[in-house]
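Letters A, B, ... are given to chains in the order of the sequence lines, protein chains preceding strands, and every chain is numbered from 1. Model, not experiment: these values are computed from the prediction.
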Amino acid sequence: MADTSETAAAPRTHVSLQVNGTTREVDIEPRRTLLSVLRDDLSLTGAKPGCEMGNCGACTVLLDGEAVYSCLTLAVECTGREITTIEGLSASGELDPVQQAFIAHDALQCGFCTPGQILAMKALFATNPHPDDETIERAMSGNICRCGAYPKILAAARALAGTQAAQQ
Amino acid sequence: MNTFEHVTVTDGNEAVKLLSERGGAAGETKIIAGGTDLLTLMNASLIAPQRLVNLKAARALRYLRFAEDGALHIGALATLADLERDAGVARRLPILVESVRDAATPQLRAMATVAGNLLQRPRCWYFRGAPHCWLKGGAECFARDGENKYHAIFGASSCVAVHPSDLAPALLALDAELLINGPSGVRTLPLAAFFHEPTNDARIEHTLAPDEVITEIRVPGQPEGANGAYLKMMDRQAWAFALASAAAQLSVEDGVIQQARIVLGGVATVPWRATQAEDALTGQQLTPELARTAAEAALAGAAPLAHNGYKVPLARELVRRAILRAGSVPHP
Amino acid sequence: MPIRIITTHLEFEGQISEQRVVMEGEEPAVWGPEAELAVVGKVTPRVDGRERVTGSAQYAYDVQLPGMLVAAGLRSPHPHARIVRIDASRAETAPGVRAVYHHFNTGDLNNPSNDRPVFGDELLYQGDLVAVAIAETKEQAQDALALIAVEYEPLPFVVDQRAALAADAPKVSTTYEHNTIPEGFPQTYERGDLDAGFVQADVTVEAQLSTPTALHNSMETHGGVAQWDGRTLTIWSSTQDVYGVRRGVASALGLQQNQVRAIKQYMGGGFGNKFGAHHSGLVAAYAAYTLGRPVKYMLSREEENLAAGNRPETIQTYRIGAKKDGTLTAIEQHTIGNVGAIGSWFSPVAMATKELYQCANIRTVDEAARTNLGTQASFRAPGVVEGTAGLEVALDQLAAALGMDPLELRRKNYAERHQALDRPYSRKLLLEAYRLGAERIGWAERDHEERRYPQGRDGYLRRGIGMASQLWGGDGGPPAQAIAKLLPDGTAVILTGTQDIGTGTRTVLAQIAAEELGLPLEQVRVELGDTEFGVFSPPSGGSMTLASVGPAVRMAAAEARKELVEVVAQLSEAPTDALDVRDGHIFSRETGKEMGAIGSFLELLDGHEITAKGMRGPNAENMSVRTFGAQFAEVEVDIGTGRVRVLRIVAVHDCGRIVNPLTFSSQIEGGIIQGLGFALMEQRIVDQRLGAVLNANLENYKVPTIRDIPQIDIILLDQPNVHANTIGALGAGEPPIIPTPGAIANAVAHALGRPVKALPLTPDRVLDLLNS
């Protein structure tokens with residue numbers, strides 16, 4: 001059987017990514033996931049590796065405003081798309097209303113899943129400023145919180161639902 | 001994950017060319033679109049393609065449109081989220097929305113394509129894990145006498161994994177067909193002929209050739225008075241593959257069922273059409289008793305394994321409820 | 001200040017041990033019910049909330065250092081095998097690879113937490129560590145694993161706990177004489193005369209509950225980043241115990257403790273299995289020390305679920321005797337637990353049986369089976385979650401046999417004293433919890449037709465209500481230390497060595513310090529999670545952090561405040577008792593007049609900082625300080641599909657004073673949700689023929705999602721326990737998970753009118769139960 005893993009350096013591709021409104025250039029192997037490039041190459045460690053198989057949601061980022069799992073997204077396929085990570089939400093220094101609501105309602109415990117939760121909620125409010133409980137729960141069902149902050153995540157979303165702030 | 005060459009194409013023909021030029025049969029070149037199944041297979045080293053052909057840039061393949069004859073044309077790259085959000089689909093083919101809204105998660109639905117959903121490999125924990133099982137080319141199906149609570153109660157395959165798709169039973173109940181692009185042009189294939197119980201010679205759940213690409217899924221226009229329902233049971237309230245599911249699509253005229261399609265999910269290596277149940281329904285007045293009779297018929301011949309006997313009453317109940325829901329019959 | 005050594009007693013799992021406490025100075029008087037507190041007890045958003053919502057909080061997984069290498073682990077595919085040979089030459093020369101460690105080159109690296117080699121030559125479970133590759137990138141390290149050629153000699157194995165205890169069972173290790181914990185097992189506890197107890201009984205029931213192996217699945221896996229600079233080895237670890245990491249790494253590498261620094265600022269969940277350095281931390285430290293470059297080793301999710309501990313499965317059988325009026329006369333409990341390959345202790349599954357209800361005649365027997373599976377570890381109220389579920393399920397079956405209301409049966413057998421130790425509880429508010437919880441859930445209407453059959457009797461929905469009680473420690477104890485520093489501008493820094501594992505420790509400690517110092521919360525910063533700058537604090541486990549570290553912080557702050565008042569008194573020529581400190585300012589007690597901000601006085605001292613020490617004092621003597629509580633669950637079962645939905649949980653827990661109602665309720669909710677997962681969906685699945693775990697992932701090891709969550713009503717008791725410690729607070733981490741599975745199981749049994757015999761109550765199990 002041909003053994004390809006011993007071939008010297010794997011071929012790299014030059015990729016230009018739009019991350020949080022800034023163009024970032026990287027030379028990467030095509031097999032690199034968006035998650036690993038964000039973390040290891042761009043030092044944006046807000047997106048977390050929880051399972052790297054699309055089973056936990058900790059790596060959630062926004063791709064053209066939609067929540068996706070960055071662990072199952074190849075970075076080379078993100079050219080020309082707008083990538084938003086948790087670091088991009090408060091780039092101005094001021095916290096996003098969703099972030100503020102998470103703090104006020106204690107919608108987090110250990111905090112490891114929190115960036116993903118916040119971005120999933122961001123994606124929800126971007127399309128639906130007035131979600132009811134079921135809509136909130138469905139929108140947030142792709143993000144596991146092992147600490148069980150769910151009741152307070154729901155409370156944070158309820159507090160935002162229908163407010164001006166949610167639509168920012 | 002193995003290393004690979006990554007090529008982006010902008011239409012299906014280009015993809016077919018790349019698939020055929022180096023003998024796609026060896027699994028050497030694979031299409032990547034949503035990537036939600038492919039990358040997990042690669043992460044687990046179940047496949048190691050040397051080249052990925054990125055079809056996502058073929059933007060023209062992402063569409064949902066109703067044709068004049070009422071047929072719904074779904075571009076291969078339409079995502080599950082596209083289906084879920086489409087107002088026309090919700091109005092005219094509610095079964096499709098019901099089938100996708102409890103599939104996976106919002107994130108995965110935003111990523112996963114309709115065509116990819118039909119091509120996804122089973123979730124069997126032996127297949128996805130280290131054991132060299134029959135489906136992977138080994139000698140034995142470890143699930144058959146092992147831990148099989150998630151496994152098949154129907155089918156003749158040596159493999160007892162179940163087909164994981166939620167969308168597939170619904171599309172099958174709608175008599176959907178596929179437009180497939182291959183080296184010799186475009187062919188049309190009924191979805192029913194696309195699914196295939198893995199056999200010794202073809203240990204795969206579908207009949208798509210390695211050098212072919214699905215370009216469109218076409219759902220024929222439904223008659224007046226047609227309605228459908230999809231019910232899924234999971235072992236938590238979200239983010240789980242079906243323990244069992246039932247798709248029912250009925251067309252009813254003057255209270256009499258003209259045509260019925262009943263398809264079960266999570267019970268066989270392929271979405272399982274319950275023709276006996278359909279026969280029991282056709283030409284009859286829909287009543288709670290009839291639904292019960294049809295549900296019984298749907299599960300006739302089920303052969304559960306050691307740990308999945310529960311699927312028989314479960315699937316039966318889902319079929320019964322799906323029929324009543326599709327027929328808008330109030331029921332407990 | 002002179003020091004005194006005081007002997008105190010710690011109670012752990014029913015055992016009393018002596019402990020020496022070094023005290024310097026006096027603890028302040030306890031904050032009793034009359035204390036008027038301005039910051040403590042108020043809803044307080046986390047002081048580190050901003051870091052946690054912006055992604056700037058640095059977890060071990062996030063640490064990136066210049067020149068850092070990355071590790072990947074090769075794990076045993078066999079449940080039991082000997083490594084015959086390893087050829088790593090191809091891996092070692094692969095691109096980017098800097099080292100490959102395995103038994104034949106690193107066999108002498110010892111894991112001090114179990115005194116075994118990190119790289120043994122006998123593999124005892126699927127997932128046991130075979131080799132680790134260290135490379136420039138994670139991908140290169142992973143690629144290298146495929147190039148390591150290992151020749152295994154498979155050995156006979158056993159994974160079933162009952163099979164493992166059979167005389168002719170294969171030995172889990174060739175070094176074992178039998179497959180049980182060598183010392184003290186089976187473990188028997190007896191009091192009274194069991195046989196006589198059953199003779200007195202009018203009714204005897206036998207009950208059984210099997211509980212699954214549960215996997216912690218913290219969102220952040222085990223691991224760390226280590227760096228050796230020639231003088232100090234620094235390790236950033238995802239740990240509940242930085243001092244344990246320091247000790248472990250120093251011991252494994254033969255370094256002095258002052259050469260090791262362990263840091264944990266943020267961690268992605270603990271739940272009980274992140275105490276020692278763990279082999280991932282040891283390998284990272286060893287590699288960094290050997291290679292002279294920083295090394296990161298974070299486990300994959302699969303490694304985590306195979307090799308980082310679990311709540312062991314149990315098979316519990318009960319025999320309970322009672323008089324017609326419900327008086328318990330005898331309880332016998334027999335438990336077999338599966339402690340995995342090298343389990344050396346077994347969690348206290350019999351704690352509830354020994355203590356929760358009044359009964360003179362008790363016998364409990366715990367058998368601990370070693371098997372060729374990953375070793376157990378403590379997991380949020382280890383043993384007591386499982387044992388309470390078993391006992392409470394059995395008690396409901398007794399209530400049914402007696403024709404008695406289950407809650408009434410519990411009231412009837414209320415234990416006023418700690419029976420196993422024959423001494424009083426500091427206080428017990430369980431009857432109050434029963435009353436409040438029953439009222440809120442509507443216990444009196446639990447059998448009403450319309451409540452049990454929401455669609456009528458012909459419908460498919462059945463509702464049921466069940467309850468369970470909770471008993472746990474949470475009283476903490478010494479040693480725990482803190483330092484309070486008042487800086488020249490009147491702000492404060494509190495130094496501790498504790499960890500905030502997500503519970504909100506940093507926030508409650510800041511509240512306590514602010515309260516005692518008379519400072520606004522924003523002027524207090526709490527430092528923790530660093531052995532270099534902290535002072536000793538215990539591991540963050542056993543619900544003991546607040547009750548141990550909180551009083552130490554309070555004392556340090558009180559001492560600092562004393563010195564501050566002294567300083568101000570001399571500067572302003574006023575007697576100390578004429579001064580008050582509030583809200584960052586000094587006031588005259590007599591006139592109520594503000595004399596100036598704290599900083600305005602300290603600034604006169606040319607940079608002098610007030611530095612004071614505090615320590616957790618001894619425990620109360622001759623009494624047991626416990627947390628008690630009760631939960632009531634209402635469930636809805638669809639008998640057509642087997643779906644169980646928990647509609648509502650009412651939780652009433654006495655954890656003493658509640659320092660921060662916001663993070664307290666988060667703890668209660670989190671515990672309930674993990675308990676719900678245990679009751680309804682979580683279970684490790686093992687193929688008996690292959691000895692393989694089939695769901696070492698988050699796909700098929702199911703934990704609750706937001707859609708699985710019931711309405712949770714928390715009724716606050718919030719009464720300081722004046723015997724516990726000077727802040728009157730007890731821990732709340734473990735109490736809330738304890739009664740949830742039992743309450744849910746009893747609610748399901750009530751809904752279905754059938755006894756529950758096994759958890760989790762997955763749809764297949766419910767359908768099988770209905771069709772049995």
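- Using a 4.0 Å cut-off between charged nitrogen and carboxylate oxygen, A:Arg158 and A:Asp133 count as a salt-bridge pair.
- In this structure, the portion of C:Met267 lying under 4.5 Å from any heavy atom of chain A is its backbone and not its side chain.
- A 4.5 Å side-chain heavy-atom check between C:Val385 and C:Arg311 finds at least one atom pair inside the cut-off.
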Assess whether salt bridge (charged side-chain N to carboxylate O under 4.0 Å, His left out) is satisfied between A:Arg81 and A:Asp64, documenting all intermediate values. CA-CA 6 Å; A:Arg81 307 189 67 181; A:Asp64 295 334; 3.0 Å; yes
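- The side-chain heavy atoms of C:Asp48 and C:Asp500, taken from C-beta on, include a pair separated by under 4.5 Å.
- Heavy atoms closer than 4.5 Å to chain C are found in the side chain of A:Ile118, but not in its backbone.
- For C:Gln64, the part lying near chain A is the side chain, with the backbone staying farther off; criterion is any non-hydrogen pair under 4.5 Å.
- Under 3.5 Å, the side chains of A:Ser36 and C:Lys138 contain no donor-acceptor pair of N or O atoms.
- No other option in A:Pro49, A:Cys113, A:Gly88 has as many heavy-atom pairs under 4.5 Å with chain C as A:Pro49.
- When each of A:Ile103, A:Leu44, A:Ile136, A:Asp106 is checked for heavy-atom pairs under 4.5 Å with chain C, A:Asp106 comes out on top.
- Note on C:Gln140, C:Glu304, C:Arg707: by heavy-atom pairs under 4.5 Å with chain A, the leading option is C:Arg707.
- A:Arg39 and C:Asp62 are joined by a salt bridge, as a carboxylate oxygen and a charged side-chain nitrogen come within less than 4.0 angstrom of each other.
- Residue C:Ile706 touches chain A through both its backbone and its side chain, counting heavy-atom pairs closer than 4.5 Å.
- Counting heavy-atom pairs under 4.5 Å between each of A:Arg146, A:Gln100, A:His105 and chain C puts A:Arg146 at the top.
- Neither the backbone nor the side chain of C:Ser300 comes within less than 4.5 Å of any heavy atom in chain A.
- No more than 12 heavy atoms of other residues, nucleotides or ligands lie within 6.0 Å of CD in A:Glu94, so this atom counts as exposed by the packing criterion.
- For chain A, the nearby parts of C:Tyr61 are the backbone and the side chain; heavy atoms of each come within less than 4.5 Å.
- Looking at heavy atoms from C-beta onward, C:Ser238 lies out of side-chain contact with C:His222 at the 4.5 angstrom threshold.
- When heavy atoms are compared at a cutoff of 4.5 Å, C:Ile712 approaches chain A solely by way of its side chain, counted from C-beta outward.
- Heavy-atom distances place the side chain of A:Ser90, and not its backbone, under 4.5 Å from chain C.
- Neither the backbone nor the side chain of C:Ser56 has a heavy atom closer than 4.5 Å to any heavy atom of chain A.
- Looking at A:Met140, both its backbone and its side chain come within 4.5 Å of chain C, counting heavy atoms on both sides.
- Contacts between C:Leu698 and chain A at a heavy-atom distance below 4.5 Å involve backbone atoms as well as side-chain atoms.
- Remark: the A:Glu87 side chain and the A:Thr85 side chain contain an N/O donor-acceptor pair separated by less than 3.5 Å.
- Between A:Arg12 and C:Glu139 there is no salt bridge, since no side-chain N of the basic residue sits under 4.0 Å from a carboxylate O of the acidic one.
- Contact tally against chain C (heavy-atom pairs below 4.5 Å) for A:Ile153, A:Leu108, A:Thr114: the top residue is A:Leu108.
- Residue contact with chain C, scored on non-hydrogen atoms closer than 4.5 Å, involves the side chain of A:Glu134 exclusively.
- If you measure heavy-atom distances from C:Thr44 to chain A, you find no contacts under 4.5 Å at all.
- Counting only heavy atoms from C-beta outward, the side chains of C:Thr137 and C:Val70 never approach each other to under 4.5 Å.
- For the set C:Pro45, C:Ser666, C:Gly677, the entry with the most heavy-atom pairs within less than 4.5 Å of chain A is C:Ser666.
- Residue contact with chain A, scored on non-hydrogen atoms closer than 4.5 Å, involves the side chain of C:Glu682 exclusively.
- Counting heavy-atom pairs under 4.5 Å between each of C:Glu302, C:Arg46, C:Glu699, C:Arg301 and chain A puts C:Arg46 at the top.
- For the set C:Gln58, C:His216, C:Met68, the entry with the most heavy-atom pairs within less than 4.5 Å of chain A is C:His216.
- We find that C:Arg645 and C:Asp708 are not joined by a salt bridge, their nearest charged nitrogen and carboxylate oxygen being 4.0 Å or further apart.
- In this structure, A:Ile86 and A:Leu89 have side chains that are in contact, with non-hydrogen atoms separated by less than 4.5 Å.
- Of the N and O atoms on the side chains of C:Ser540 and C:Gln499, at least one donor lies less than 3.5 Å from an acceptor on the other residue.
- The choice from A:Pro151, A:Pro115, A:Gly54 that makes the most heavy-atom pairs within less than 4.5 Å of chain C is A:Pro151.
- In this structure, the portions of C:Thr54 lying under 4.5 Å from any heavy atom of chain A include both its backbone and its side chain.
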